[in-house]
Structure formats: C-alpha cells, structure tokens
Amino acid sequence: MASRARHPPFRHVALLLLGLAALIPATSRAQAASFTVGLIIDADSPVGRIARTTIPMALNDFYAAFPNASARVRVLQHDSGGDVVAAASAALQLMTTQGARAILGPQSSVESAFVADLATRAEVPVVSFSATSPSVSASAAPFFARAALSDAPQAGAIAALVTYFGWRRVVPVYQDDDYGTAFVPFLVDALTAARAEVPYRCALPGGASKDAVAAAMYRLESEQTRAFVVHARPALAELVFAAAVEAGMMAQGYAWVITDGLTGLLGSIHPPQGIIGLVPHAPPTPRLRDVRRRWARKFMREHRDADPAQAEMGCYAIWAYDAAWAVASAAERLGPGDLSSPPGLVGGRSGPTDFSGLGKSTSGEKFLAAITNTTFDGLGGRFNLVNGELAVPAFRVVNIMDSAKERSLGFWTPKHGLHRSLYGGASASNSGLAPVIWPDESTVVPIGWVQPTNGWKLRVAVPGGVDPGYRPIMHLDVDPATNRTVAGGFVIEVFEAAVRLLPYALPFEYVLVGSMPYDHLVEKVGNGDFDAAVADITITANRSQHVDFTLPYMSSGIAMVVPMRDQRSTCAWVFLKPLRYDLWLVSFVSLIFTGFVVWAVEHRVNREFRGPPSYQIGTLLYFGFSTLVFAHQEDLKSNLSRFVVVVWVFVVLILQSSYKASLTSMLTVPQLEPAIRDYASLWQGVDKVGIMNDSFMRASMTKSGFPPSRLEPYRASHSFHEALLNGTIGAIVDETPYLRLFLRAYCDNFTKTAQTNKTGGFGFAFPKGSPYVADLSRAILNLTESDEMSAIERKWFGDAEGCAAQGSQFTSDSLSFASFWGLFLITGATSLLCCAVHLATFLVVERRWISEVASTPHVPWKDRIWMLLKRFDHKDLSSHTFRTKDGGGSVAGRSANDAGASPGAAHIAAGSPLSVSNHTYDMSEWSFGTPSPAPASATGEIELAAGDEAAAEVAAAPNPNVSSDQTDTGHRASN
C-alpha cells in the first residue's frame with residue numbers, strides 16, 4: 001500500500017499530462033478577442049430554421065479550419081417573428097446595449113430595408129443572406145451588403161426560357177409586397193425585350209386566404225394564357241399550387257416557372273410535378289458534398305418534426321453559410337485592435353428615435369470594407385461582393401419531379417444564354433435544354449395559351465363594296481336566301497389556307513364592314529372592335545403602331561402604268577439609227593485601215609494602186625468604201641491583200657445584214673415606248689396621276705413632295721382606263737397587285753414601268769400582343785414554301801404576268817460595238833498580221849541596200865528614213881506582174897526595145913548598177929555627198945511602165961568609156 005502511494009500508477013500520470021495539454025488550447029481560446037454579431041431572423045419560418053442550423057455550423061467550421069484565430073464571433077440571435085417593428089427593435093438593442101459590431105439578416109426584404117437604414121446611421125454593417133428584393137441595396141443603404149443573389153438577374157433567365165419555348169404571353173403570379181412588386185418591373189422589361197407580352201398580372205397579398213387564392217386561380221383558368229411565373233414567399237406559394245391543382249391548372253398544356261426563392265425551399269412548399277425552376281449554380285465540390293451531408297444530419301437533429309424533404313441544403317443555406325464565413329474572415333483580418341470600440345451609448349441614455357447617442361467610430365467602416373473586400377471559395381462558388389452585391393455566375397434550370405426532387409435541364413449564363421452543360425462552350429450540341437416533363441407527365445411543350453372553350457369565335461373584319469375589277473383580290477357577299485356571309489378572292493383563300501395549317505382549330509367568322517380607309521380599319525382592330533382584319537392591307541410603319549401584322553403573304557411595290565406611244569421616227573436621218581455612234585466610228589476606222597493595208601501590200605506590184613499621191617489616196621478610199629457594197633473591181637496581185645479582203649468582206653457581210661434588219665425593224669415594226677419613262681419624268685412633267693381612292697398612296701406621294709393638286713383618286717379600274725384614254729391622267733401610280741389586275745384586263749397600249757419603291761407587302765392585322773400573329777406567320781411561311789400558294793396565285797391572277805406581258809415594249813435598239821467587237825478583232829488582227837509579213841519581206845529583200853544606206857557617213861537620219869520610204873514606194877520590178885509572158889527579159893528592157901532605143905540604152909536598162917529588176921546596187925560611183933549626175937538624153941532613159949504611169953524612174957547613163965569589166969559585171973548581175 002505504501003509502495004503504491006509513493007509511486008502513483010502510470011495511468012494517473014498520463015491523465016494528468018492530458019489534462020495539462022487540454023488546458024493549453026483553452027488558454028489560447030481565452031486569450032482570443034470576442035466580438036458580437038447579431039442575428040435577426042423569423043425563427044419559425046423555413047429560412048429562419050435553416051439559418052439557426054447553418055450559421056453556427058459555418059462558424060464552427062471556420063474556427064476548426066483556423067484554430068489559432070485571434071478574434072472569435074459570438075452570435076446573439078433575435079426572433080423578429082416576421083414583424084418589421086420587432087426587427088427594428090432587435091437591431092437597436094443589438095447596436096446599443098449588446099455591442100454588436102455587425103448584423104446578419106434580417107430575413108425579409110422589408111425588415112432589411114428598415115434595419116439597413118438604422119445601421120447606416122449607426123455605421124454598423126448589415127450582411128443579409130435572404131433579402132433578395134431589388135428594393136433594398138447598397139446604393140440606398142451604404143452599410144448594407146447582400147450575400148445572396150438579387151432577384152433582378154433571374155429575370156433574364158426567365159425571359160430566355162420564354163423565348164426558348166416560344167411563349168408569347170406570360171402572366172406573373174407574385175406576392176403583393178416589397179418582395180414581389182420590386183421584382184415584377186424587371187421581369188416585364190425582360191419579357192418585353194424578348195417580344196413576349198404580359199397581358200395581366202396576378203398580385204396576391206401575403207396574408208391571402210385559401211379561398212381568395214382559389215378565386216384568383218379560377219380567374220386565370222378562364223383566360224387564354226397558360227404560362228405563369230410564380231414569385232412569392234413559401235406560405236403563399238403553397239396555397240397557389242394547391243389552388244392551381246384544384247382548378248385543373250396542373251394539366252397538360254400549362255407551364256409554370258418558379259424563381260430561385262421557391263426552388264431553394266422545395267421541401268417547404270411541396271410543388272406539383274412538371275414545374276420549371278431556377279437555382280443559383282453551386283459548383284459540386286467535395287467540400288460542398290461533405291457540408292451537405294453534415295448539415296442534413298444536424299438539421300434533422302435540431303428539427304425533429306421537419307419533413308425529410310426540408311433537409312436538402314438549398315440556396316438559402318449556402319448563402320447563410322458563406323455569409324457567416326465572410327463575417328468571421330473579415331473579423332480575423334482586422335484583428336482585435338480594430339474591433340475594440342463597439343458602438344454603444346455615449347454620455348447617457350438616448351431616445352427611441354434619436355441616433356445621436358450612438359457612438360460612431362472608424363471600426364464600422366473598416367469592418368464593412370473588410371467584409372465587402374473578402375473573397376474566398378465558398379460553398380456557392382467564388383464569394384465576391386461587387387458594389388455590395390453577390391456576383392451572378394450562372395443559374396441552373398431544373399425540372400421539379402415527385403417528392404420535391406430536382407432534375408437538371410441545363411444552365412443559363414448572362415453571356416451564353418441557355419445551354420446543357422456549363423463547360424461545353426457555345427457549340428450547337430450544347431445549346432438548348434434537356435427534354436422537359438411538363439405537368440400531367442406530358443412531354444409536349446405547351447404553346448402558352450389556348451382559345452376559350454365557351455363557343456367564342458374570332459371576329460374577322462372584311463371590307464365590303466369591292467369594285468368588280470378587284471374582286472380577284474378579295475370580295476365579300478351576303479347570300480340573300482340564307483343571309484350567310486360568303487367571302488372569296490386571293491386574300492380570303494390565303495387566310496383560310498393558313499388557318500388550316502395551324503396546329504389547333506381556330507373558329508372564326510367574317511364580319512362585313514363598310515367601305516373605309518384601311519388606316520381607320522386598322523385603328524378599329526387595335527381598339528378591340530374586331531379580333532382581326534383580313535384584307536389587302538399594306539404593312540406600313542404607321543399602321544404597325546396600332547396593330548401587329550403577320551408576315552406578308554404577298555410582296556408588293558409601288559409601280560407606274562402609262563400608255564404606250566409609237567415612237568417610229570420620220571426623221572431624214574433615220575438611216576443612221578440602226579448603228580450606234582461607236583459602231584459607226586469603229587466601222588469607219590476599220591474601213592480606212594483595211595484600205596491602207598491593201599494599198600501598202602499592192603502598190604509596189606500592182607499598176608492599179610500606183611500613180612501620183614492623190615491618185616493613190618483616192619484608190620485607197622474608193623477600194624475601202626466599195627467593199628461595203630461589194631463593188632470593188634481592183635485586181636489584187638498579192639495573196640496577203642486577198643486574205644485581208646476576204647476577212648474584211650466577211651465582216652462587212654455581217655454588218656450589212658444586221659444593218660438591214662435593224663433599219664427594216666425601225667421603219668416597219670411599231671416602236672412602242674412608254675409615254676412617261678420613269679418616276680423622275682413624271683415628277684418633272686405636268687400630267688396628273690391616278691391613284692386608288694382611300695389608299696395610302698396619297699399620303700406617301702405627298703410626303704415625298706409630289707404636288708397634291710396633280711393626284712386624281714379613282715375607285716374602279718375601268719375609271720383608270722377611261723382616264724388614261726381621254727388624257728385626264730398621264731399615269732397610274734399604285735401597288736403592283738392592283739396594276740397586275742389592271743393590265744390583265746386592259747393590256748393593249750399600256751405598260752408597267754420599273755418599280756420605284758418597295759412596300760411592306762400585304763399582311764393580316766391583329767391587336768397588339770395577339771398570340772395568333774406568330775402562329776399564322778409560321779403558317780404563311782409554310783404555305784409560301786409549298787405549291788399551294790402558287791396555285792392560289794395562278795387561280796386569281798393568272799400565269800405570271802398574264803396579259804400584262806403583252807404590254808411590254810416593242811423597241812429596236814441601235815446596234816452597238818459591244819455586239820461586234822469580236823469581228824473587228826479578227827479583221828484587225830488579220831490586217832496587222834498581213835501588213836507585218838509584207839513589211840518583213842520587204843526588209844529581208846532590201847537588207848543589203850538598207851545596210852549600205854545605214855553605213856553611209858554624213859547622212860542625217862531624217863534623210864535615211866525618207867530614202868527608205870521612197871524605196872518602199874518604188875515599183876517592185878522583180879514581181880511577176882512586171883515580167884513578159886515568154887520570159888525574155890523584164891518589162892523595162894522590152895519597153896526600151898519597143899521604143900527604138902539604142903542598144904546602149906537597152907543595155908543600160910538591163911545592166912545598170914541601180915536597176916531594181918536585177919537587184920544590183922553598185923554605189924561605188926555615187927556619193928550622197930556630191931551632186932547627182934546630169935540626166936542623160938532621151939535615149940538613155942529607162943521606161944518603168946508601158947505608158948500607164950506619168951512618172952518614170954530616170955537612170956543615169958553610164959560613161960561610154962566605162963571599162964569592159966564593169967560592163968561584164970553588170971551582165972553577170974542581170975543574168
């Protein structure tokens with residue numbers, strides 16, 4: 001026993017050491033600064049119960065993650081019971097007597113707005129995790145920070161859903177307080193931007209009874225709209241869904257969308273199956289899954305009477321968790337020193353509404369700045385307050401199933417809109433949403449509206465008193481026997497065909513209206529006197545301000561019909577009109593060029609192209625012009641010139657035939673041309689213009705500046721015809737469908753000019769926001785793409801332009817160079833080629849002479865060029881055209897013998913060094929620098945032609961004392 005007392009057991013020592021170790025963190029915690037944060041909630045509400053579980057859990061998790069924190073948050077909870085006065089009283093108590101440095105909550109937006117105003121005066125930060133109404137914000141209360149998403153951003157997501165499913169009418173069902181009324185303007189603006197209408201609203205008081213809600217639901221059921229957006233507190237929303245089920249509004253054909261405030265509390269409202277909801281996206285991280293699991297167990301332990309469906313951690317729980325974490329993180333960042341001066345009463349007791357006694361210091365501003373600048377990876381994603389508001393990353397679109405379970409459909413982001421995967425990009429496969437299961441387990445997308453089932457029919461206004469000339473467009477008659485209204489015509493048949501293509505039955509009845517301007521008829525439809533107007537109504541900007549038009553079922557434009565006049569010319573110069581000036585000019589140039597080429601090739605070998613310059617020029621022109629009538633008689637010697645002439649005559653043949661045909665047409669065929677060519681000519685003239693009575697053409701033309709005094713309205717088509725014939729009007733300006741019918745009836749001597757302006761076409765008019773507009777527009781598109789529209793048009797207007805095509809112009813335009821440039825290219829290329837070949841041949845033959853001339857010194861270039869031209873102009877005595885038939889010498893030698901010339905002269909003619917015929921050019925005795933030798937006697941002249949040329953080439957007689965060697969050389973050259 002004594003031994004055991006002197007030596008205590010080992011377990012006692014171990015317990016002692018563990019106890020001492022346990023005191024160390026306790027001492028550390030005792031040394032950490034404690035600061036107070038108030039929590040104002042409605043403890044018995046679903047959000048209040050969530051906050052009671054979440055905020056302590058978040059603080060415990062924070063200090064478990066940071067065990068050495070220098071400041072620890074102590075939460076003082078106050079239950080407002082949902083009362084604004086109680087919330088304000090609790091806030092005053094926290095800020096004055098309990099030394100709260102910040103306030104979490106209050107729960108509702110109404111409470112938050114009032115408390116935020118008090119806290120701003122006391123400079124105490126208010127961090128709300130459940131006040132989502134846009135009515136309270138940091139811009140109105142600088143010390144207010146929203147750690148939850150505002151309701152405003154989800155309006156864009158709802159509008160995207162409305163557009164995606166094609167709903168044109170949406171009715172908001174909302175709570176009539178700050179929570180609901182502040183959100184509806186954002187929703188209406190977003191829907192309007194998406195071209196959807198809000199025909200009426202269902203505002204329900206927060207304390208509405210079950211019977212009142214049921215009555216409101218029955219009223220909605222009696223209307224046409226079947227798409228609803230619910231934005232209310234859980235208690236009211238539960239009544240709305242129960243009443244909707246009772247009224248049969250959760251059946252096939254209905255669509256319901258709920259906001260994130262209800263989607264985050266599905267376990268508290270028990271919504272029916274088939275509803276679409278929005279949920280703020282929270283990344284599925286391991287930390288979130290762990291917190292969800294622990295939170296569900298903790299919630300069920302603390303609220304044993306709760307429904308297990310309420311143990312799902314929704315957006316309110318995530319916001320509350322991140323808000324508490326942000327407050328603890330901000331307190332830790334500041335440290336105990338900056339939080340050592342809590343606000344409280346300074347210098348005595350203050351009155352209930354006097355805030356001058358609240359001690360203000362810089363700690364409140366620093367704490368607010370620390371909260372708003374805090375960023376971390378929270379449960380809901382990256383926690384970041386921008387201007388006191390939580391940033392909007394994305395919304396998840398869910399389909400509510402049985403037992404308040406969610407089925408994910410896709411995501412919505414402000415940048416990319418709706419898409420199935422948040423990380424799939426903007427690809428086509430990722431666009432849109434997954435298939436939705438609608439109420440009553442339907443998979444058919446609701447159209448968003450239905451027609452009433454009480455025997456109602458669409459009252460369609462149709463103008464009466466249509467002129468017989470326009471009955472193919474539209475007519476409405478009343479059968480006197482049955483008193484039934486029978487309608488017909490192109491417009492009526494198109495409307496009835498489009499109605500048959502609708503995916504539902506649309507009962508309607510025609511209502512005959514008196515003759516009135518279509519502007520007045522459109523106004524009556526816009527005022528609700530009629531449900532629609534079916535007529536040949538042109539879509540204009542002014543009319544679209546009163547009604548909504550379908551897509552045009554017939555295109556139209558403003559055109560002009562004028563009489564045709566025979567413009568056959570009686571002018572003396574009409575023979576020049578068949579060819580245009582450019583063709584005349586090119587033909588003349590080609591004629592001269594062809595004559596020049598023929599002369600250049602022929603004049604050295606052909607006597608007919610030789611002679612004095614004036615004679616040669618006359619021959620050149622005569623030959624060229626004579627080819628126009630194929631009267632040329634010159635005997636061409638060269639094959640090159642013959643080839644040129646053959647090609648040119650072919651071109652002339654085509655030109656001549658075309659000229660004859662065009663001139664014959666101008667002189668014999670009536671040249672029908674419009675009396676007024678275009679709108680500019682009409683404007684500048686003085687003729688009056690016929691327009692249709694009660695048409696928008698008067699206002700349109702007057703607006704464009706056309707004189708109103710020149711406009712003559714007519715009602716019947718035969719009146720237009722008579723006025724055009726007797727000259728009362730000079731033209732008709734109207735829309736093309738009417739002019740098409742006019743020309744079909746009166747196609748002789750009238751024509752339609754080109755369109756000057758496009759119009760919106762013909763469309764059906766409906767009141768603003770009518771759901772039939774979109775469906776009928778799609779039906780018109782389907783009708784236009786099918787053969788049925790073409791068949792209807794042919795039935796009432798005939799094939800194409802019908803008889804109107806006979807009114808086209810019979811004119812013969814002048815022929816231009818553009819039609820014949822290929823021919824001129826061929827003849828020009830041929831002439832150039834032959835001329836080049838001839839010139840090349842000349843240069844090759846005369847190359848020795850040219851070389852000697854070029855090498856002769858002291859001769860200017862101008863003289864050398866002149867000598868070359870003179871050489872080119874000389875007769876080519878070597879040509880076969882200048883030889884005797886028996887081959888007995890040249891023509892020159894024969895002429896000399898025939899003339900009785902002496903043998904010496906003949907010898908000179910045959911053997912002279914300058915003779916062209918023998919191509920011997922001995923210039924050793926001829927210097928360009930000395931005067932030419934004196935001319936010889938008549939017996940020493942060489943005759944170049946047999947009496948047919950006035951000019952003779954004079955050759956200098958050789959010296960009688962010339963050596964025999966030179967004579968022999970001449971003879972050898974001639975041989």
Can you check whether [Y]'s main-chain N or O pairs, donor with acceptor, with [X]'s side chain at less than 3.5 Å?
X	Y	result
S442	W438	no
D178	S109	no
N399	I275	yes
D176	L204	no
D83	A86	yes
T132	S150	no

*Pair N384-T375, side chain to side chain donor-acceptor pair (under 3.5 Å): steps then yes or no*: CA-CA 5 Å; N384 182 26; T375 58; 5.9 Å; no
*Show your working on side chain to side chain donor-acceptor pair (under 3.5 Å) between D260 and Q154 and close with a plain yes or no.*
CA-CA 8 Å; D260 59 359; Q154 63 182 328; 3.1 Å; yes
Could you work out, with salt bridge (Lys or Arg N to Asp or Glu O under 4.0 Å) as the rule, every residue matching [X], not counting sequence neighbours?
X	answer
R294	D61, D290
R396	E406
E197	R169

*Looking at W325, is R287 sitting on its ring face, NZ or CZ under 6.0 Å from the six-membered ring centre and within 45 degrees of the normal?*
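So R287 does make the cation-pi contact.
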*asked:* Enumerate the ring pair (Phe, Tyr, Trp, His ring centres under 6.0 Å) contacts for residues 176-204, please, sequence neighbours excluded, ordered by first and then second residue.
replied: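 Only Y179-H231, F183-H231 qualify under ring pair (Phe, Tyr, Trp, His ring centres under 6.0 Å).
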*Hey, are S80 and Q107 close enough side-chain-wise for a donor-acceptor pair under 3.5 Å?*
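The answer is no; no qualifying pair exists.
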*When you check the side-chain N and O atoms of E389 and N387, is any donor under 3.5 Å from an acceptor?*
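Checked: E389/N387 side chains show no N/O donor-acceptor pair below 3.5 Å.
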*Just jot down the ring pair (Phe, Tyr, Trp, His ring centres under 6.0 Å) partners of W256, sequence neighbours excluded, or say none.*
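For W256 the ring pair (Phe, Tyr, Trp, His ring centres under 6.0 Å) partners, ignoring immediate neighbours, are F228.
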*May I ask you to say whether K298 pairs ionically with E302, meaning some side-chain N is under 4.0 Å from a carboxylate O?*
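A salt bridge links K298 with E302.
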_L265 CG to S45 OG distance, which is reported to the nearest 0.5 Å_ =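 Reported to 0.5 Å precision, the distance equals 9.0 Å.
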*Neighbour count above 12 (heavy atom, 6.0 Å) for F114 CZ*: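 No, because the 6.0 Å sphere around CZ of F114 holds 12 heavy atoms or fewer from other groups.
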*Take atom NZ of K405 as the centre, draw a 6.0 Å sphere, and report whether it contains more than 12 heavy atoms from other residues, nucleotides or ligands.*
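Incorrect, the count does not exceed 12.
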Would you please classify the geometry between the [Y] ring and the [X] ring as parallel, tilted or perpendicular, with 30° and 60° separating the classes?
X	Y	result
W319	Y316	perpendicular
H416	H419	perpendicular
F376	F383	parallel

Which atom pair, heavy atoms only, marks the closest approach of [X] to [Y]?
X	Y	answer
P283	L288	O-CD2, 3.4 Å
A311	W295	O-CZ3, 3.4 Å
A91	I103	CB-CD1, 4.1 Å
L266	P271	O-CD, 3.5 Å
G378	D322	CA-OD1, 3.5 Å
S133	R146	O-NH1, 3.2 Å

*asked:* side chain to side chain donor-acceptor pair (under 3.5 Å) for S34 and R72? Distances and angles first, verdict last.
replied: CA-CA 5 Å; S34 174; R72 290 186 176 269; over 6 Å; no
*For the pair S329 and E332, evaluate side chain to side chain donor-acceptor pair (under 3.5 Å) and give the outcome as yes or no after the intermediate values.*
CA-CA 5 Å; S329 178; E332 181 62 26; over 6 Å; no
*Quick one: salt bridge (Lys or Arg N to Asp or Glu O under 4.0 Å) pairs with a partner in residues 44-53, sequence neighbours left out?*
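As it turns out, the salt bridge (Lys or Arg N to Asp or Glu O under 4.0 Å) pairs with a partner in residues 44-53, which skip direct neighbours, are R49-D305.
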*Taking the six-membered ring where the residue is Trp, are the ring centres of F241 and H270 under 6.0 Å apart?*
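Not close enough - the centres of the two rings lie 6.0 Å or further apart.
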_Test item: M313 and R293 side chains (from C-beta on) under 4.5 Å apart, heavy atoms_ =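 Not touching, per the 4.5 Å side-chain cut-off.
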